[in-house]
Protein chains: 2
Amino acid sequence: MMIRIICFFAKICNRLHIKGDGEEIMATIRDVAKLAGVSVATVSRVLNKNGYVNNKTEEKVLKAIAQLNYEPNAVARGLAGKQTGTIALILPDIANPFFPEMARGVEDVAQAYGYTVILCNSDDQGHKEKSYIEMLKKKYIDGIIFASNTLGQADVEQMRRNNIPLVVLDRAPTRQLCSVIRSQNYEGARLAVRHLLEMGCRKIAHIYGPQELITAKKRLLGYEESVKHFPWYTPSLMVPGHFRVDGGLRAVKELFEKHPDIDGIFCGNDLMAIGALKGLYQLGVRVPEDVALIGFDGIGLTEITQPELSTVAQPIYEMGSLAAKVLIETIETGVTEPRLYELEVALVARDSTKRRTEA
Amino acid sequence: MMIRIICFFAKICNRLHIKGDGEEIMATIRDVAKLAGVSVATVSRVLNKNGYVNNKTEEKVLKAIAQLNYEPNAVARGLAGKQTGTIALILPDIANPFFPEMARGVEDVAQAYGYTVILCNSDDQGHKEKSYIEMLKKKYIDGIIFASNTLGQADVEQMRRNNIPLVVLDRAPTRQLCSVIRSQNYEGARLAVRHLLEMGCRKIAHIYGPQELITAKKRLLGYEESVKHFPWYTPSLMVPGHFRVDGGLRAVKELFEKHPDIDGIFCGNDLMAIGALKGLYQLGVRVPEDVALIGFDGIGLTEITQPELSTVAQPIYEMGSLAAKVLIETIETGVTEPRLYELEVALVARDSTKRRTEA
DNA sequence: GGGACAAATGAAACCGGTTACATATGAATG
DNA sequence: CATTCATATGTAACCGGTTTCATTTGTCCC
């Protein structure tokens with residue numbers, strides 16, 4: 001009984017926007033309607049600028065909104081409209097230096113369009129991705145940007161059935177079920193090798209990334225196609241480095257055991273190039289005097305090494321921002337027609353590939 | 001009329017979980033209730049494990065849930081319960097190498113507790129922060145981790161009024177209104193200077209960060225307190241570097257114009273140390289032979305320079321994961337009692353401070 | 001004058017959950 | 001035996017929006 005009375009008072013207080021401890025009570029659309037002397041439907045029409053509303057009425061409503069400091073509740077909107085203004089970015093690991101810039105690109109665009117970004121680290125593990133997707137589905141996420149590597153055909157189809165727009169970064173377009181954004185990995189690799197050749201290299205090795213990744217594969221292919229007709233070419237010039245710094249370091253040592261006469265190395269990504277640089281330093285091999293070194297990706301780290309690393313730069317930020325743009329467009333227009341965007345890469349020649357003494 | 005009939009059929013189809021294009025229809029709690037032959041309240045009780053439910057009944061409900069592949073709708077839950085299982089991480093810029101690791105710490109813990117993380121880049125601009133906070137409030141965010149620098153006293157109080165739990169990283173505890181996590185900046189600075197002295201330095205400069213930041217201020221103070229009693233000490237040994245790579249590079253050149261006899265530099269963060277290293281290389285000054293160099297933060301980049309950089313490492317990942325833990329605890333227990341966590345820093349001695357020839 | 005149609009508005013259903021309250025049963029207690 | 005209490009369940013209100021549909025009014029045209 002006592003409790004009932006208390007509850008009753010609490011309700012009165014809520015309605016009057018009074019609270020003992022100074023806590024703010026959010027006004028609801030019904031409060032606005034009451035104050036403006038109209039129905040909630042009309043307020044909703046004013047808010048969403050749809051349907052017919054008389055000018056005078058609109059003014060009254062706007063005044064009430066201002067007076068109550070009213071902000072529509074996004075969760076209620078989400079429930080009613082099944083759109084939450086939230087997108088998810090699933091990537092392997094935000095701590096991998098490749099991704100922060102991309103994430104920034106995504107977030108900037110999302111923010112500009114009034115969307116919010118949920119960050120998910122998959123560690124490239126299928127079960128983590130799945131559990132994220134489950135959770136995101138429950139939360140009525142509007143769309144997903146997928147920069148992780150273990151997304152399967154089945155997953156894409158499932159997303160499609162669930163009507164969740166999807167944009168994928170750097171994946172093979174397996175029967176092109178969703179929009180894909182990637183860059184010219186093959187062409188970039190050829191660019192890198194050509195650059196090394198132009199700088200006077202006579203025997204070029206390649207440190208490659210995980211071949212499950214389409215990017216790593218394409219880059220390896222680009223290398224192979226560029227050098228296979230040279231007499232010095234041999235498969236043992238290609239060594240795995242797992243896209244990691246330590247992998248690059250180890251790979252370079254392995255290379256120099258087999259081929260001490262290498263004078264150029266093309267690394268499948270910048271992290272491995274950094275590792276390679278370290279390894280070469282430990283071996284007492286000078287860069288670029290003895291060996292020219294070039295990476296791939298164009299991450300910021302390439303500017304802080306000594307010497308600065310040449311690289312084939314992808315437009316990382318743009319990949320993120322474009323992904324967000326494409327996704328939001330898909331969300332808002334509802335058009336699902338998948339597209340493929342292939343972005344250009346650019347050779348960034350720095351000290352690590354400076355021309356050695358003219359031959 | 002025709003439309004009405006179509007709608008009617010659509011509803012029937014919905015109820016029967018049939019859809020023409022293979023699109024999946026999510027079952028609702030009412031579907032489960034109907035199938036199990038109980039009320040929605042009972043289903044809800046089973047889901048939330050609260051209230052009394054008979055074992056037999058529970059089984060029936062669970063079976064129905066499994067049969068329908070039912071997943072409770074998080075948005076509806078959020079609306080009803082005012083908890084969305086979402087926290088926000090507001091930081092200046094995820095592309096700044098300091099933050100990805102912290103973000104990873106936050107996300108890992110959040111994920112473990114079933115929470116989702118929204119990423120916000122404030123660029124340290126007050127208006128961006130405010131607009132984020134507005135948006136987050138509307139979305140019934142459960143709590144915020146604030147690693148940005150422009151959070152004012154007023155904002156904290158407003159959050160409090162709005163009942164949004166808050167954990168702040170690296171901020172001064174201005175009348176301790178929320179939990180704060182920081183590390184021993186002052187002590188770390190003293191550690192750095194002592195290390196340089198032990199390594200034989202006789203004249204140590206300091207490149208400092210923006211003095212609006214409590215962290216930068218404390219580190220500067222630590223430097224000053226450690227060296228002010230030396231005869232060689234003079235204020236012009238302290239030069240600003242804005243916590244940025246280019247700032248460190250410029251600062252080091254400025255320093256060497258005024259004090260060519262410097263033999264040790266303590267940088268207020270690692271980015272500036274990287275810039276300083278670059279600057280010293282350009283000046284032809286050898287590290288560590290001519291000048292010993294140490295940074296602060298312990299970001300990964302310090303391991304890829306040549307020579308590797310000594311630094312005072314903060315437990316960056318732990319700062320993030322602890323922040324998430326504290327925040328989620330606050331959210332779930334509702335206890336608002338603010339606490340201060342000061343984490344220990346550790347000296348990481350690498351090649352950039354290797355002892356020069358014994359005096 | 002009456003039908004068609006655009007403009008304006010409100011009542012009520014709906015989105016999919018949670019929960020306060022009412023009710024019913026059976027066991028334990030005085 | 002009446003009372004109390006733990007167990008079990010359902011009804012309906014509620015969270016705060018959107019949207020369908022009905023209704024009213026006014027204008028235009030034949």
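Every chain is numbered from 1, with letters handed out A, B, ... down the list of sequences.
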Inset, instruction - Identify whether the distance between the nearest side-chain nitrogen and carboxylate oxygen of D108(B) and K325(B) falls below 4.0 Å. - result: no

Legend entry - d(CG, D31(A); P, dG16(D)) in whole Å: 9 Å

Legend entry - V40(B) side chain, from C-beta outward: closest of dT18(C), dG17(C), dG16(D): dT18(C)

Legend entry - Earlier contact from the 5' end, DNA chain D, for A80(A) and A41(B): A41(B)

Legend entry - No-hydrogen, no-angle side-chain donor-acceptor test under 3.5 Å, Y113(B) and E329(B): no

Inset, instruction - Enter the distance from Q67(B):CD to L62(B):CG here, rounded to the nearest 0.5 Å. - result: 12.5 Å

Legend entry - Interatomic distance, N48(A) CG vs dT20(D) P [rounded to whole Å]: 12 Å

Inset, instruction - Check whether any side-chain heavy atom of D142(A) lies under 4.5 Å from a side-chain heavy atom of Y115(A), and answer yes or no. - result: yes

Legend entry - Side-chain donor/acceptor contact of R30(B) with base of dG17(C) under 3.5 Å: yes

Inset, instruction - Check the side chains of T84(A) and K139(B) for a donor-acceptor pair under 3.5 angstrom, ignoring hydrogens and angles. - result: no

Inset, instruction - Considering just the side-chain nitrogens and oxygens of K82(A), establish if one lies under 4.0 Å of OP1 or OP2 belonging to dG16(C). - result: yes

Inset, instruction - May I ask you to say whether E134(A) pairs ionically with K137(A), meaning some side-chain N is under 4.0 Å from a carboxylate O? - result: yes

Legend entry - Length of the line joining I65(A):CD1 and dG16(D):C1', which is rounded to integer Å: 14 Å

Legend entry - Among N73(B), L47(B), I65(B), side-chain contact (heavy atoms from CB on, under 4.5 Å) partner for I29(B): L47(B)

Inset, instruction - Among the candidates dG17(D), dG10(C), dG16(C), find the nucleotide nearest to the side-chain atoms of R45(A). - result: dG10(C)

Legend entry - Interatomic distance, N73(B) CG vs dC15(C) P [rounded to whole Å]: 11 Å

What are the atom names and distances for every N/O pair under 3.5 Å that joins the protein to nucleotides 6-8 of chain D?
| unit_1 | atom_1 | unit_2 | atom_2 | d |
| --- | --- | --- | --- | --- |
| dT7(D) | OP2 | Y52(B) | OH | 2.4 |

Legend entry - Residue Y140(B), side-chain heavy atoms: nucleotide from dC15(D), dG10(D), dG17(C) that is nearest: dC15(D)

Inset, instruction - Rounded off to whole Å, could you give me the CZ-to-P distance for the R77(A) and dG17(C) pair? - result: 22 Å

Inset, instruction - Answer yes or no: is there a side-chain heavy-atom contact under 4.5 Å between L91(A) and S148(A)? - result: no

Legend entry - Atom pair distance, as rounded to whole Å: CG in L79(A) and C1' in dT19(D): 13 Å

Inset, instruction - Could you say whether V38(A) or S44(B) is positioned toward the 5' end of DNA chain C, judged by the nucleotide with the nearest heavy atom to each? - result: V38(A)

Inset, instruction - Check whether any side-chain nitrogen or oxygen of T42(A) sits under 4.0 Å from OP1 or OP2 of dG10(C), and answer yes or no. - result: yes

Inset, instruction - Return the value, rounded to whole Å, for the distance between atom NZ of K34(B) and atom P of dG16(C). - result: 13 Å

Inset, instruction - Look at the side-chain N and O atoms of S39(B) and state whether any lies under 4.0 Å from the OP1 or OP2 oxygen of dG10(D). - result: yes

Legend entry - Proximity to the side chain of N50(A) - top-ranked nucleotide from dT19(D), dT18(D), dT18(C): dT19(D)

Legend entry - Distance, rounded to the nearest Å, where L68(A) contributes CG and dG16(D) contributes P: 14 Å

